[in-house]
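Here is how names work: the chains are called A, B, and so on, in the same order as the sequence lines, proteins then strands, and each is numbered from 1. All figures in this text were calculated on a predicted structure; none of them were measured in a lab.
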2 protein chains.
Amino acid sequence: MGRTTSIDSYVQQFVNLDNEELATFSAAFKEIRAQKRQFLIQPNFVARHRFFVLKGALRAYVVDEEGQDRTIQLAIEQWWISDYNSYMFQQPASMFVMAVEDSTLLQISFEDEQRLKSSNYKYETFFRIIAERAAAFMQRRVITNLTKSAEQRYDLFLEKYPAMVNRFPQYVIASYLGMTTEFLSRIRNQKLRFKG
Amino acid sequence: MGRTTSIDSYVQQFVNLDNEELATFSAAFKEIRAQKRQFLIQPNFVARHRFFVLKGALRAYVVDEEGQDRTIQLAIEQWWISDYNSYMFQQPASMFVMAVEDSTLLQISFEDEQRLKSSNYKYETFFRIIAERAAAFMQRRVITNLTKSAEQRYDLFLEKYPAMVNRFPQYVIASYLGMTTEFLSRIRNQKLRFKG
DNA sequence: TAGAAAAGTTGAACTAGTTCAACCATTTTT
DNA sequence: AAAAATGGTTGAACTAGTTCAACTTTTCTA
């Protein structure tokens with residue numbers, strides 16, 4: 001069977017590639033499957049790839065000193081996921097990246113990405129743009145974490161990423177938002193009581 | 001008088017530019033002075049520039065609903081500063097960027113940066129690399145904020161940015177680290193009592 | 001160099017969010 | 001369909017960090 005979908009339309013949002021350029025770009029990616037609970041990246045190993053989600057859901061998390069999971073990134077269709085500090089600098093990872101659903105991914109290796117970037121100006125531009133967007137996204141998250149209460153962070157998450165809420169268990173969303181699953185449970189039930 | 005220092009050696013860390021390329025690159029920047037307490041970016045106005053610090057110290061902060069300052073970014077020599085969401089997407093800013101010391105900066109406008117990026121592959125590569133580094137840096141900050149206690153965040157800050165500690169007032173560092181100035185004061189004095 | 005402004009300290013009361021433990025519900029596996 | 005595993009809820013005690021207010025110290029400005 002063919003691809004569930006592809007990265008073509010995604011890339012075209014940012015740069016204009018002709019058919020040949022598009023083919024070369026796509027060829028640098030390998031389609032892989034990841035079963036629910038399968039790990040794609042683990043601490044202490046270098047993250048050799050970054051992943052573009054065609055289908056499915058994944059999370060990146062660290063385990064802190066007290067043994068608690070802290071979700072750093074969530075990804076569903078059309079999102080990228082990896083341990084960026086590990087991938088970009090080819091250093092040992094601190095994160096797990098795990099499939100939360102059976103997933104289909106496009107995988108690119110660090111070396112192939114370097115090759116793409118240096119082979120064609122447009123590919124370089126593409127990766128520049130997604131890096132800029134990632135930086136801006138992360139800065140917004142820092143701001144939210146510093147300025148909003150737990151309940152406000154949850155409301156904002158619902159508003160901005162409604163498609164994600166039902167794809168991840170509550171404890172994953174809670175840890176992404178920097179609170180305990182118990183506290184998020186209380187926030188949700190309090191809302192039901194007043195609004196529903 | 002000439003430049004206090006320049007951006008040349010900084011750029012050369014990441015890309016190899018010949019003299020002409022270096023000259024063109026530098027020419028896109030304008031050297032400006034900012035006096036202590038002067039604002040370079042203000043909420044609701046589009047951030048037209050990003051700034052590279054030649055000399056001095058600056059902070060970027062938002063004011064939250066309760067009227068409290070939350071420091072999002074600090075910058076001293078060789079750091080960049082701006083409201084990236086505003087600058088990258090040319091949207092109204094949510095931050096103030098203010099000089100904490102009398103400073104000398106290199107300023108580049110959004111349009112001139114676009115021009116550089118599209119005029120020479122190497123400039124594109126340079127901006128791609130700094131965006132990747134910014135994204136990785138921000139992701140580390142998210143991780144730290146989610147996994148460490150107030151005291152651990154302060155210790156880590158001391159360890160990683162010793163040069164910054166003495167350049168910013170304590171309340172700025174406290175708000176950068178996501179705690180109150182009173183609490184940081186207590187952390188510091190407790191350390192003195194036990195260690196010094 | 002005096003006076004004002006900005007920055008830092010301390011105590012005491014407080015609160016947002018955590019922890020722990022027990023229980024319930026839902027999904028998965030056999 | 002039973003058993004096991006995973007995920008969610010609830011109450012009660014707790015705590016890391018906040019708030020407020022008064023005070024001290026340091027820095028800036030005229």
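Between the CE atom of A:Met179 and the P atom of C:dT19 there is a distance of 14 Å, rounded to whole Å. Nucleotide C:dA16 holds its C1' atom 12 Å from the CD atom of A:Gln190, rounded to whole Å. Following rounding to the nearest Å, A:Tyr154 (OH) and D:dG8 (C1') show an atom-to-atom distance of 13 Å. The nearest whole Å value for the distance from the CG atom in A:Asn189 to the P atom in C:dC23 is 19 Å. Atom OH in B:Tyr171 sits roughly 17 Å away from atom P in D:dT19 (whole-Å rounding). One interatomic measurement links the two molecules: CG of A:Asp69 to P of C:dT19, which rounds to 13 Å at whole-angstrom precision. D:dA16 atom P lies 11 Å from atom CD of B:Glu151, rounded to whole Å. Atoms CD (B:Gln170) and P (D:dT26) sit 13 Å apart, rounded to a whole Å.
Contact annotation: A:Ser185 does not reach the phosphate of D:dG8 (side-chain N/O to OP1 or OP2, under 4.0 Å). A sub-4.0 Å separation between OP1 or OP2 of C:dT18 and a side-chain N or O of A:Gln68 is absent.
Between A:Lys148 and B:Glu65 a salt bridge is recorded (basic side-chain N to carboxylate O distance below 4.0 Å).
Nearest nucleotide to the B:Thr180 side chain, out of C:dT18, D:dG8, D:dT19: D:dT19. When distances are taken from the side chain of B:Ala150 to each of D:dG17, D:dG8, D:dT19, the shortest belongs to D:dG17. In this structure, the nucleotide among D:dT19, C:dG17, D:dG8 sitting nearest to the side chain of A:Arg153 is C:dG17. Checking D:dC28, D:dG7, C:dT28 against every side-chain atom of A:Pro169, the shortest atom distance belongs to D:dG7. In this structure, of D:dG7, C:dG8, D:dG8, it is D:dG7 that holds the atom nearest to the side chain of A:Arg37. Closest approach to the A:Arg186 side chain among C:dT19, C:dG8, D:dT19 is made by C:dT19 (side chain taken as heavy atoms from C-beta onward).
Looking at heavy-atom distances under 4.0 Å, B:Glu66 makes no contact with the nucleic acid at all. Using a 4.0 Å heavy-atom cutoff across all strands shown, A:Phe183 reaches at least one base atom of the nucleic acid.
B:Arg141 and B:Thr71 make their closest contact through NH2-O, 3.3 Å (heavy atoms, listed as atom of the first residue, atom of the second, distance).
In this structure a side-chain-to-backbone donor-acceptor pair under 3.5 Å is present from B:Gln12 to B:Leu17.
Between the side chain of B:Arg188 and the base of C:dT10, no donor-acceptor pair of N or O atoms lies under 3.5 Å.
Comparing A:Lys148 and A:Glu182, the nucleotide of DNA chain C nearest to each residue sits closer to the 5' end for A:Lys148.
Evaluation of the side chain to side chain contact (heavy atoms under 4.5 Å, CB included) rule for B:Pro43 yields B:Phe96 as partners, not counting sequence neighbours.
Checked by atom type, the side-chain pair B:Ser86/B:Gln91 shows no donor-acceptor distance below 3.5 Å.
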